[in-house]
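A note on names: the letters A, B, ... follow the listed sequences, proteins ahead of strands, and every chain is numbered from 1.
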There are 2 protein chains.
Amino acid sequence: MQISKGVEWAVHAASMMVALPEGRGLKAAALAHYHGVPTAYMAKQLQALSKAGIVQSSRGAHGGYRLAKPATDISLWDITAAIEGHGPAFRCTEIRQNGPCGLKRKDCRSPCQIAAAFSSAERAFRDSLKAVTLADIGLQFVRDSEPEHLSDIMHWLESEVMPLSDTP
Amino acid sequence: MQISKGVEWAVHAASMMVALPEGRGLKAAALAHYHGVPTAYMAKQLQALSKAGIVQSSRGAHGGYRLAKPATDISLWDITAAIEGHGPAFRCTEIRQNGPCGLKRKDCRSPCQIAAAFSSAERAFRDSLKAVTLADIGLQFVRDSEPEHLSDIMHWLESEVMPLSDTP
DNA sequence: GTTATTCGGACATTTAATATCCGAATTAGG
DNA sequence: CCTAATTCGGATATTAAATGTCCGAATAAC
């Protein structure tokens with residue numbers, strides 16, 4: 001029951017994009033370098049975010065990534081699901097149908113209670129992550145950081161940010 | 001973010017042990033056969049439950065497994081943690097300390113907000129599973145099953161159940 | 001004490017996560 | 001309009017983890 005490293009990277013990268021000025025983007029290499037992680041693997045996570053409609057990508061010279069919708073509409077669950085998939089963590093293989101006392105398919109209209117309990121726990125997990133948006137993360141970050149640190153980030157952004165055409 | 005198959009098997013096996021008469025046990029091979037899964041791999045999950053103090057094992061002739069404490073004191077989280085480990089699913093690698101704007105170790109006394117959000121979600125998941133005990137599972141199972149099916153199970157138990165010495 | 005039986009940990013195999021590379025697509029500039 | 005530089009996208013290796021298997025250690029019955 002481990003969440004892949006890609007989720008952590010994707011959330012940090014997306015959080016960085018919150019600070020981008022309108023109509024501008026960051027290339028995958030810049031996001032990877034900023035967080036000190038391998039470029040190609042970070043790019044893979046960004047692809048997944050792009051497929052999920054969380055970020056927009058622009059190819060070619062001066063290309064890059066930016067958020068595809070307002071930060072208030074992107075939850076941590078959206079990002080987690082984009083990387084890890086939407087499927088349940090607990091996969092019921094219906095072993096109650098196996099063995100000498102196995103139930104017939106007909107008698108299995110009601111779901112296995114064990115699977116139901118895990119499904120309920122996962123719903124609680126999802127709901128908790130759905131309640132936190134990138135806007136929340138960004139706001140908290142600004143509040144809790146030293147002014148000098150925020151200044152450093154702004155300078156880095158100015159040096160790395162790329163103009164990006166408005167219509168991809 | 002997948003929960004291993006072993007958790008499903010371990011929960012089903014432990015649920016079966018709820019129905020055992022006092023001072024009796026089931027051997028790993030019987031539990032595996034009953035659920036239609038490989039014996040050796042089922043045995044591996046039972047070992048993990050034994051190490052965690054959830055079940056008691058007795059070796060040698062007429063050996064087997066039984067619950068180590070009342071079914072009301074064993075939650076689905078206890079079993080999940082015994083198989084999957086107690087560590088968090090989201091592992092914060094502190095990438096905020098990396099890269100050109102990396103934070104110094106000193107400025108990281110407060111935890112990363114992203115990690116905190118996932119930690120909170122996992123707590124909700126845990127609490128949900130902690131609220132369900134083997135006693136609950138057993139009771140619901142008896143209520144929802146056809147009388148004939150329960151009868152089949154009782155007959156199987158009588159044929160497979162082994163006398164087990166009281167002091168392991 | 002001997003033997004049959006069962007659990008326990010060490011050992012392969014398969015699957016998924018991690019990391020990397022090269023081609024496809026797009027834009028900037030001439 | 002064409003060329004060249006640049007960037008994303010999917011296909012491809014590598015490593016770690018989950019899955020599955022085996023044989024020795026320990027125990028109880030006889």
Side-chain angles (χ1 to χ4, degrees), chain A residues 1-10 13 24-33 35-52 55-66 68 83-85 87 89-91 93 95 160-168, chain B residues 1-10 13 23-33 35-52 55-66 68 83-85 87 89-91 93 160-168:
Chain A
M1 191 173 56
Q2 299 290 66
I3 294 175
S4 84
K5 221 179 280 191
V7 173
E8 181 188 17
W9 300 2
R24 284 161 175 268
L26 281 165
K27 59 184 179 184
L31 286 164
H33 179 245
H35 294 101
V37 299
T39 300
Y41 196 39
M42 170 63 95
K44 189 171 188 170
Q45 316 307 329
L46 293 169
Q47 279 175 41
L49 294 183
S50 180
K51 278 194 205 167
V55 302
Q56 275 189 351
S57 66
S58 292
R59 300 214 275 200
H62 293 187
Y65 292 95
R66 58 178 159 166
I83 306 294
E84 296 274 330
F90 182 94
R91 299 152 292 174
T93 58
I95 62 177
E160 284 289 349
V161 96
M162 293 290 171
L164 202 63
S165 61
D166 280 350
T167 51
Chain B
M1 191 173 53
Q2 299 290 66
I3 293 174
S4 83
K5 222 179 281 190
V7 172
E8 182 188 16
W9 299 2
R24 285 163 174 265
L26 281 167
K27 57 186 181 183
L31 286 164
H33 179 245
H35 294 102
V37 299
T39 301
Y41 196 39
M42 170 63 94
K44 192 171 187 172
Q45 317 307 328
L46 293 168
Q47 279 175 41
L49 293 183
S50 180
K51 279 194 205 167
V55 302
Q56 276 189 350
S57 66
S58 293
R59 300 214 273 200
H62 294 186
Y65 292 96
R66 57 178 160 167
I83 306 294
E84 296 274 330
F90 181 94
R91 299 152 292 174
T93 58
E160 285 289 348
V161 95
M162 292 290 169
L164 203 64
S165 61
D166 281 350
T167 51

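- A distance of 4.5 Å separates CD of A/E8 from CZ of B/F90, quoted to the nearest 0.5 Å.
- If you check every strand for non-hydrogen atoms under 4.0 Å, A/A28 touches sugar and phosphate atoms only.
- A pairwise comparison of heavy atoms in B/E84 and B/Q2 identifies OE1-O, 4.4 Å as the closest pair.
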Would you give a per-nucleotide map of nucleotides 9-23 of chain D, 5' to 3', where B means the base has a protein non-hydrogen atom under 4.0 Å away, S means only the sugar-phosphate does, and - means neither? BB--------BBBB-

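- The NZ atom of B/K27 lies 10.0 Å from the OG1 atom of B/T39; values are rounded to the nearest 0.5 Å.
- Counting to the nearest Å, the P atom of C/dA19 and the CD atom of A/E8 are 12 Å from each other.
- With rounding to whole Å, A/H62 atom NE2 is found 16 Å from C/dA25 atom C1'.
- Taking atom CD on B/Q45 and atom P on C/dC7, their separation rounds to 14 Å, with Å as the unit.
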Checking side chain to side chain contact (heavy atoms under 4.5 Å, CB included) for the pair A/M42/A/H35: CA distance, chi angles, key distance, verdict? CA-CA 10 Å; A/M42 170 63 95; A/H35 294 101; 4.0 Å; yes

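- Between A/Y65 and A/A43, the shortest heavy-atom distance links the atoms OH-O, 4.3 Å.
- Look at CG on B/L31: it is 13 Å from C1' on C/dC7, rounded to the nearest Å.
- Side-chain N or O atoms of B/R91 include one that pairs as donor or acceptor with a backbone N or O of A/I3 at under 3.5 Å.
- Listed by chain and residue number, nothing satisfies the ring-ring contact (aromatic ring centres under 6.0 Å, His included) test with A/H33 (two or more places apart in sequence, or in another chain).
- Each end of the helix from C/dG1-D/dC30 to C/dG30-D/dC1 gets its own axis, taken as the rotation carrying the C1' atoms of four end pairs onto the next four within a five-pair window, and the two axes meet at 10° to the nearest 10 degrees.
- Counting only distance, with no hydrogens or angles, the side chain of A/Q45 and the backbone of A/V7 share no donor-acceptor pair below 3.5 Å.
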